[in-house]
*Asks:* 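First the structure, then my questions, so here it is.
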Amino acid sequence: AKLSLNHNDLFRSVAARLASRAEGDFKVQCLSTMAWAFATVKRRNLAVFNSLAEELVKNAHEMKPQEISNTLWAFAKTSCAHAALFEALGDVAASTCDAGLFKPQEISNTAWAFATAGIHHPGVFCRLE
């Protein structure tokens, strides 16, 4: 993704593999990275993003600040404002912000994602003030 190369076959293959995975086949870090990769190369695949969202919602509590930030950024960047995902990750982000674990860039990306997606999460924004 960082090389800005357009690898249609690669992303079709990745989408197919993600579609055929069983829950738990990939760690949340891998799922977050997949969302980031698709968004970085501007690939809006609703089936992939919905599938990622469903699994990440169930495992939101396992996610670290960078994974939360990158995932929310990816979903906002591709206009996939999955409400349940934003709510679940927002809940974790709000509690994690209290612990001071978010770095400034992660806070910025998270706030940007909520604003871009048009989703308000009072817990997140109260912690960011």
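These numbers come from a predicted model, not from an experiment.
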*Asks:* Quick one: pull up CG in L72 and CZ in F114 and give me the separation to the nearest 0.5 Å.
*Replies:*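 The distance works out to 5.0 Å.
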*Asks:* Quick one: closest heavy-atom pair of A60 and L89, and the distance?
*Replies:*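 In terms of heavy atoms, the two residues are closest at CB-CD2, 3.7 Å.
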*Asks:* Quick one: NZ on K77 to NZ on K42, what's the gap to the nearest 0.5 Å?
*Replies:*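 Atom-to-atom, K77:NZ and K42:NZ are 5.5 Å apart.
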*Asks:* Looking at F26 and E55, what are the two nearest heavy atoms and their distance?
*Replies:*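 That would be O-OE2, 4.0 Å.
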*Asks:* Can you tell me how far the CZ atom of R21 sits from the SG atom of C30, to the nearest 0.5 Å?
*Replies:*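 If we round to the nearest 0.5 Å, R21:CZ and C30:SG are 11.0 Å apart.
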*Asks:* Is the count of non-hydrogen atoms from other residues, nucleotides or ligands lying under 6.0 Å from E62 atom CD greater than 12?
*Replies:*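 Counting neighbours around CD of E62, more than 12 heavy atoms of other residues, nucleotides or ligands fall under 6.0 Å, so yes.
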*Asks:* In Å and rounded to the nearest 0.5 Å, what is the CG to CD distance from N59 to E54?
*Replies:*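 Separation between the atoms: 12.0 Å.
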*Asks:* K27 versus T33: any side-chain heavy-atom pair under 4.5 Å?
*Replies:*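 No, every pair of side-chain atoms sits at 4.5 Å or beyond.
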*Asks:* How many angstroms lie between CD in E87 and NE2 in H120, if you round to the nearest 0.5 Å?
*Replies:*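 If I round to the nearest 0.5 Å, the distance is 12.5 Å.
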*Asks:* When you measure from the side chain of N45 to the backbone of V48, do you find a donor-acceptor pair of N or O atoms at a distance under 3.5 Å?
*Replies:*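 Yes.
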*Asks:* Only distances under 3.5 Å count here; give the side-chain donor-acceptor pairs of residues 9-20 to other protein atoms, sequence neighbours excluded, each with its distance to 0.1 Å.
*Replies:*
from: D9; atom 1: OD1; to: R12; atom 2: NH2; distance (Å): 2.6
from: S20; atom 1: OG; to: A16; atom 2: O; distance (Å): 3.3
from: S20; atom 1: OG; to: R17; atom 2: O; distance (Å): 3.1

*Asks:* Considering all heavy atoms of both residues, which atom of A35 and which atom of F75 are nearest to each other, and what is their separation?
*Replies:*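 Closest pair (atom of A35, atom of F75, distance): CB-CE1, 4.1 Å.
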*Asks:* Provide the closest heavy-atom pair for N70 versus S32 in the form atom of the first, atom of the second, distance.
*Replies:*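 So the minimum-distance heavy-atom pair works out to CB-OG, 3.9 Å.
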*Asks:* What's the shortest heavy-atom distance between L101 and E106, and which atoms?
*Replies:*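 It is O-OE1, 4.0 Å.
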*Asks:* Please tell me if the side chains of T78 and F49 come closer than 4.5 Å, counting only heavy atoms from C-beta onward.
*Replies:*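 Of all side-chain heavy-atom pairs linking F49 with T78, at least one is under 4.5 Å.
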*Asks:* Quick check: does any side chain N or O of S69 sit under 3.5 Å from a backbone N or O of P65, one acting as donor and the other as acceptor?
*Replies:*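 Judged by distance alone, no pair lies under 3.5 Å.
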*Asks:* Give a yes or no on whether the backbone of I68 and the side-chain of T71 come within a donor-acceptor separation of less than 3.5 Å.
*Replies:*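 Answer holds: no.
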*Asks:* Which is it for W73 and T40 under the side-chain contact (heavy atoms from CB on, under 4.5 Å) test, yes or no, and what are the steps along the way?
*Replies:* CA-CA 10 Å; W73 175 87; T40 299; 3.9 Å; yes
*Asks:* Please report the shortest heavy-atom distance between H61 and K58, naming the atom on each side.
*Replies:*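 Looking at all heavy atoms of both residues, the shortest contact is CE1-O, 3.7 Å.
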*Asks:* Should H121 and D91 be marked as a side-chain contact (heavy atoms from CB on, under 4.5 Å) after you check the CA-CA gap, both sets of side-chain angles, and the distance that decides it?
*Replies:* CA-CA 8 Å; H121 190 290; D91 290 345; 2.7 Å; yes
